[in-house]
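Computed over heavy atoms, backbone and side chain alike; hydrogens, waters and symmetry mates excluded.
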Protein chains: 2
Amino acid sequence: MLLSKSCVYGLRAALFLANQEEGKFVPIRHMSDKLEISFHFLTKILQQLTAEGILESFKGPNGGVRLVKKGNEIPLIEIVMAIDGPQLLTECALGLPGCGVQNPCPLHDKWAETRDSIRDMLENSTLTELVHKGKQENLRLTSESGFDILFND
Amino acid sequence: MLLSKSCVYGLRAALFLANQEEGKFVPIRHMSDKLEISFHFLTKILQQLTAEGILESFKGPNGGVRLVKKGNEIPLIEIVMAIDGPQLLTECALGLPGCGVQNPCPLHDKWAETRDSIRDMLENSTLTELVHKGKQENLRLTSESGFDILFND
DNA sequence: ATATTTTAAGACAAAAGAGTCTCAAAAACC
DNA sequence: GGTTTTTGAGACTCTTTTGTCTTAAAATAT
Ligand code: SF4
Ligand code: SF4
């Protein structure tokens, strides 16, 4: 898998938050219900995002979690870096240690292209952008079986 | 990681074989030594490739393993499919089950592009192609620490 | 103050991936 | 025939990822 499960869940939660009223704290429980992710697992993941300064949290009633920046200022790459780290963009297809431009393996050129296209995708898509696209096209964020349309609900 | 460890090892071994005299059986032990991969682990992986008809094996002295087809007829994708299966090209970035064109998630378009670029890379590079590139540019296939240059050795 | 709601932290368990080991089976050589 | 060399098959262990659970701490409300 390109992204870890944690990262995918983090992205889904971030998209969910970007679709909420700005500045409002959203309880993790609410998100875990809507997104069909284990509450405790999601909590752990969002704690990482909080630690990285992407989310702010607030305890107690009316508490929850919210985006620090506006959704249109957060490219997907920020979330991916916070959870999966930079390996995705530094690691190589053949998994050789110490790979680099100065001593590349035979796959380097093609892989570098591909990696760039992955980076482009993650850098040039913001949360808000995807949310808007989701609303316009009535897309879903949860599983097929869930019938729980995130956008426009 | 994009590819599993098994898949990476399988690819490295396949490149190694493509660089050997055509039709010669190469003992797995020899490869595991050269490529710095655990013999038993590599054996298990190559057994998969044999089961998939990508390799032929022969037991006993002078036995070993060899490519069924010529290296220039084997795109990387064949090895990847044999070991990691088709998930890489069917799975989605957000990991939603039942994803598809008819009911896509908001990331679909950009991810589909990226996935295509991965498929292109794997379909349009043959083993021989990479071996030639490796020879021309004196590239390596093993780790930095190993100093064990595969090509031209 | 006390009870309630929420995140924080971390122990714990289950599942998957990576790697090791043992023994069997086939082929060759003597 | 017996020994050696090799792959085949599968049990087993170790590690990482994924997921669950428990307890603490902060905030609120009554
Ligand atoms: S040289 Fe390029 S393709 Fe090879 S391991 Fe390094 S980054 Fe990956
Ligand atoms: S719709 Fe596209 S991006 Fe979304 S899960 Fe399916 S394949 Fe992936």
Can you tell me which nucleotide in D:dG8, D:dT18, C:dT4 comes closest to the side chain of A:Lys5? D:dT18
For the side chain of B:Pro61, counting heavy atoms from C-beta on, which of D:dA27, C:dT6, D:dT5 is nearest? D:dT5
Please tell me if B:Ser38 has a side-chain N or O lying less than 4.0 Å from either OP1 or OP2 of C:dT20. yes
Given atom CZ of A:Phe25 and atom P of C:dT6, what is their separation to the nearest angstrom? 13 Å
Tell me whether the side-chain N or O atoms of B:Lys44 pair up with the base of C:dT20 as donor and acceptor below 3.5 Å, since no angle test is needed here. yes
Which comes earlier along DNA chain C counting from the 5' end, the contact point of B:Ser6 or that of A:Val26, where each point is its nearest nucleotide? A:Val26
Looking only at heavy atoms, the pair that brings B:Leu49 and B:Ala82 closest together is CD2-CB, 3.7 Å
Using a cut-off of 4.0 Å on non-hydrogen atoms, how would the nucleic acid contact of B:Ile28 be classed: base, sugar-phosphate, or nothing? sugar-phosphate
Any donor-acceptor pair under 3.5 Å linking the side chain of A:Asp84 with the backbone of A:Val80? no
Whole-Å distance between D:dT18 C1' and A:Leu3 CG? 16 Å
Within this structure, what is the CG-to-C1' distance between B:Leu49 and D:dG8, rounded to whole angstrom? 14 Å
Please tell me if A:Ser57 has a side-chain N or O lying less than 4.0 Å from either OP1 or OP2 of C:dA8. yes
Looking just at side-chain N and O atoms, do A:Ser57 and A:Thr50 make a donor-acceptor pair shorter than 3.5 Å? no
Among D:dT28, D:dA9, C:dT22, the one nearest A:Asn62 by side-chain distance: D:dT28
Would you indicate which nucleotide in C:dA27, D:dT6, C:dA18 comes nearest to any side-chain atom of B:Phe58? C:dA27
Rounded distance in Å - CZ (B:Arg29) to P (D:dT7): 9 Å
Under 4.0 Å, heavy atoms only, any strand: does B:Phe39 hit a base, just the sugar-phosphate, or nothing? base
Output the rounded distance in Å from CD1 (A:Ile45) to P (D:dT20). 11 Å
Could you give the CD-to-P distance, from A:Glu36 to D:dG19, as a whole number of Å? 13 Å
Paired with A:Arg66, the side chain to side chain donor-acceptor pair (under 3.5 Å) test is passed by just one of A:Gln20, A:Glu56, A:Glu21, namely A:Glu56
Atom-pair distance (CG on B:Leu42; C1' on C:dA18), nearest Å: 13 Å
Measure from the side-chain heavy atoms of A:His40 and tell me the nearest of C:dA28, D:dC21, C:dA18. D:dC21
Give the rounded distance in Å between these two atoms: CD of B:Gln48 and P of D:dT7. 16 Å
Should B:Tyr9 be listed as having a side-chain N or O under 4.0 Å from OP1 or OP2 of C:dA18? no
Would you say B:Lys59 reaches D:dT5's phosphate, i.e. side-chain N/O to OP1/OP2 under 4.0 Å? no
Counting only N and O atoms by type, is there a donor-acceptor contact under 3.5 Å from the side chain of B:Lys110 to the main-chain atoms of A:Asn124? yes
Using the test ring pair (Phe, Tyr, Trp, His ring centres under 6.0 Å), find all partners of A:His40 that sit at least two apart in sequence or belong to another chain. none
